[in-house]
Amino acid sequence: AGSEFIDCDLTNADLSSCDLKGTTFTNCNMKGMSTADADARDVVFEGGNLAGANLACDLAYAKFAYVNFTDLSFASFFGSNLAYAHFAFCNLRGAEFALADLTGAKLEHCALDGIDASRVRLDGTRVQACTLDTAQFTGAHIKGVDLTESCLMGMQALRAIFFGVDLEGCSLRGVLLEGAQLNNCNLRGVLPEGSVGWGDVHMDDLTRATLGETESEEINSIRADETS
C-alpha cells in the first residue's frame, strides 16, 4: 500500500488480491496486468498503458489520467467498484464496464466508444465531453447523470433506465432506446434527426422533463402512437 511505480515494466504482472491502496503508477507499461480482487482504493494511474488489464477490483476514488486502455486487447472493469473514481483524457475504447458501479464518478474528455457497460450503475456520474459511439448500455441504471457535450451517436441503451439525466445538446443519431425508460430528463436541444431507434420507449414522466419544441413534437407523436 502507498507504493510508487515510475516508468516500470509491469507487463502481465499479477497483483491480484494485493493491498494497493494509495499506490501511484506513473508512465508504466501495465499491459495485461491483473489487480483482480485487490484493494485499489485511492490508487493513481498517470500515463502508461493498461491495455488488456484485468481491473475487476475495488477502485473507489481511483484517479486515471492520460492512460491508454486499448491496444490489441481491451481492459476489463467487470463488476468493479469505481465509485467516485476520476478518468480524464483516457482512451477507454472497447473496455468492459459490465456490472460496474460508477456512482459519483467523473469521466472527462475520454474515448468510451464501443465500451460494454451493460447493467452498469451510473448514479450522479459526470460524463463530460466524452465520445460513446456504439457503446453498450443495455439494462443500465442511469440516474442523475450529466452527459453535457458528450457524443452518444450509435449508443445502445436497450431497456436502460434514465432518471434525472441531463442530455441537453447531445446527439442521439443512431441511438437505440427500445424498451428504455426516460423519466424527468432534460432533453432540450437533443437532435432526433437521423435513425433514432425510439422503439417501445416508456416516457410516463415526461411531463416533468425539459423538452425543446422539436423534441416535444417528436415525443408527443410517439406517445400518441402508443396510446392509439
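Predicted, not measured: the structure shown is a model, and the values here were computed from it. The first residue in the sequence is number 1, and the count goes up from there.
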Closest approach of Leu82 to Phe87 (non-hydrogen atoms, all atoms of both residues): CD2-CZ, 4.1 Å
Any side-chain heavy atom of Leu158 within less than 4.5 Å of one from Leu177? no
If you group Ile, Leu, Val, Met, Phe, Trp and Tyr by side-chain heavy-atom gaps below 4.5 Å, do Met33 and Phe5 land in one group? yes
Phe64 side chain near Leu92 side chain, heavy-atom distance below 4.5 Å: no
Nearest atoms (heavy-atom pairs only) where Ser73 meets Ala51: O-CB, 3.7 Å
Where Ala40 and Ala62 come nearest, the two heavy atoms and their spacing: O-CB, 4.4 Å
Indicate yes or no for a side-chain donor-acceptor contact from Asp42 to the backbone of Val44 under 3.5 Å, with no hydrogens or angles considered. no
Distance col, row Glu96:CD vs Leu55:CG, nearest 0.5 angstrom, shows 11.0 Å
What are the two closest heavy atoms between Cys57 and Ala36, and how far apart are they? CB-C, 4.3 Å
In the structure I gave you, are the side-chain heavy atoms of Asp39 and Leu20 within less than 4.5 Å of one another anywhere? no
Atom pair CD (Glu46) and CD1 (Ile6), whose distance is rounded to the nearest 0.5 Å: 10.0 Å
Run the ring pair (Phe, Tyr, Trp, His ring centres under 6.0 Å) test on Phe77 and Phe69 for me, step by step, so that the C-alpha distance in whole Å, both residues' side-chain angles and the decisive distance to 0.1 Å come before the verdict. CA-CA 11 Å; Phe77 293 94; Phe69 290 87; 5.6 Å; yes
Nearest heavy-atom pair of Thr26 and Thr24: which atoms, and what distance? OG1-CG2, 3.5 Å
Look at the rings of Tyr84 and Tyr61 and say which category their plane angle falls in: under 30° parallel, 30 to 60° tilted, over 60° perpendicular. parallel
Non-neighbouring partners of Lys31 that pass salt bridge (Lys or Arg N to Asp or Glu O under 4.0 Å), sequence neighbours left out: Asp71
Determine, step by step, whether Phe137 and Leu122 satisfy the side chain to side chain contact (heavy atoms under 4.5 Å, CB included) criterion, reporting the C-alpha distance in whole Å, the side-chain angles of both residues, the deciding distance to 0.1 Å, and the verdict. CA-CA 10 Å; Phe137 283 88; Leu122 301 174; 3.8 Å; yes
Flag yes if Val67 and Leu10 sit in one hydrophobic cluster, no otherwise; membership is Ile, Leu, Val, Met, Phe, Trp, Tyr, and two members link when side-chain heavy atoms are under 4.5 Å apart. yes
Quick one: does Glu108's side chain get under 4.5 Å of His86's, heavy atoms only? yes
State, yes or no, whether a side-chain contact exists between Val43 and Phe25 at a heavy-atom distance under 4.5 Å. yes
Evaluate the side chain to side chain contact (heavy atoms under 4.5 Å, CB included) criterion for residues Phe45 and Leu50: first the C-alpha distance (whole Å), next the side-chain angles of each, then the deciding distance (0.1 Å), finally the verdict. CA-CA 9 Å; Phe45 293 93; Leu50 276 163; 3.8 Å; yes
I'd like to know if the side chain of Ser34 pairs up with that of Ser16 as donor and acceptor (distance under 3.5 Å, no hydrogens or angles considered). yes
Value for OG1 (Thr134) from CE (Met155), rounded to nearest 0.5 Å, stands at 11.0 Å
Mind checking whether Asp14 and Thr35 have side chains closer than 4.5 Å, heavy atoms only? no
Met30 CE to Asp9 CG distance, which is reported to the nearest 0.5 Å: 10.5 Å
In Å, rounded to the nearest 0.5 Å, how long is the span from CD of Glu178 to CZ of Arg159? 9.5 Å
Heavy atoms only: give me the nearest Ala180-Ala157 pair and the separation to one decimal. CB-O, 3.6 Å
Tell me whether Asp133 contacts the main-chain N or O of Ala135 through its side chain, where contact means a donor paired with an acceptor under 3.5 Å. no
Note, Phe163 side chain near Leu182 side chain (heavy atom, < 4.5 Å): no
Sequence neighbours excluded and cut-off under 3.5 Å, please list the side-chain donor-acceptor pairs for residues 124-131, or say none.
{"residue": "Thr125", "atom": "OG1", "partner": "Leu102", "partner atom": "O", "Å": "2.6"}
{"residue": "Thr125", "atom": "OG1", "partner": "Asp123", "partner atom": "N", "Å": "3.3"}
{"residue": "Arg126", "atom": "NE", "partner": "Gln128", "partner atom": "OE1", "Å": "3.2"}
{"residue": "Arg126", "atom": "NH2", "partner": "Gln128", "partner atom": "OE1", "Å": "2.5"}
{"residue": "Thr131", "atom": "OG1", "partner": "Asp113", "partner atom": "OD1", "Å": "3.3"}
{"residue": "Thr131", "atom": "OG1", "partner": "Asp113", "partner atom": "OD2", "Å": "3.0"}

Ignoring hydrogens and geometry beyond distance, is a side-chain donor-acceptor pair present between Thr11 and Asn29 at under 3.5 Å? yes
Is the count of non-hydrogen atoms from other residues, nucleotides or ligands lying under 6.0 Å from Phe89 atom CZ greater than 12? yes
Ser150 vs Leu132 side-chain heavy atoms within contact, under 4.5 Å: yes
Can you get from Met153 to Leu147 by hopping between Ile, Leu, Val, Met, Phe, Trp and Tyr side chains that sit under 4.5 Å apart? no
Short question: side chain of Asn183, backbone of Cys185 - any donor-acceptor pair under 3.5 Å? no
Give, for atom NE2 of His109 and atom SG of Cys90, the distance between the pair rounded to the nearest 0.5 Å. 12.0 Å
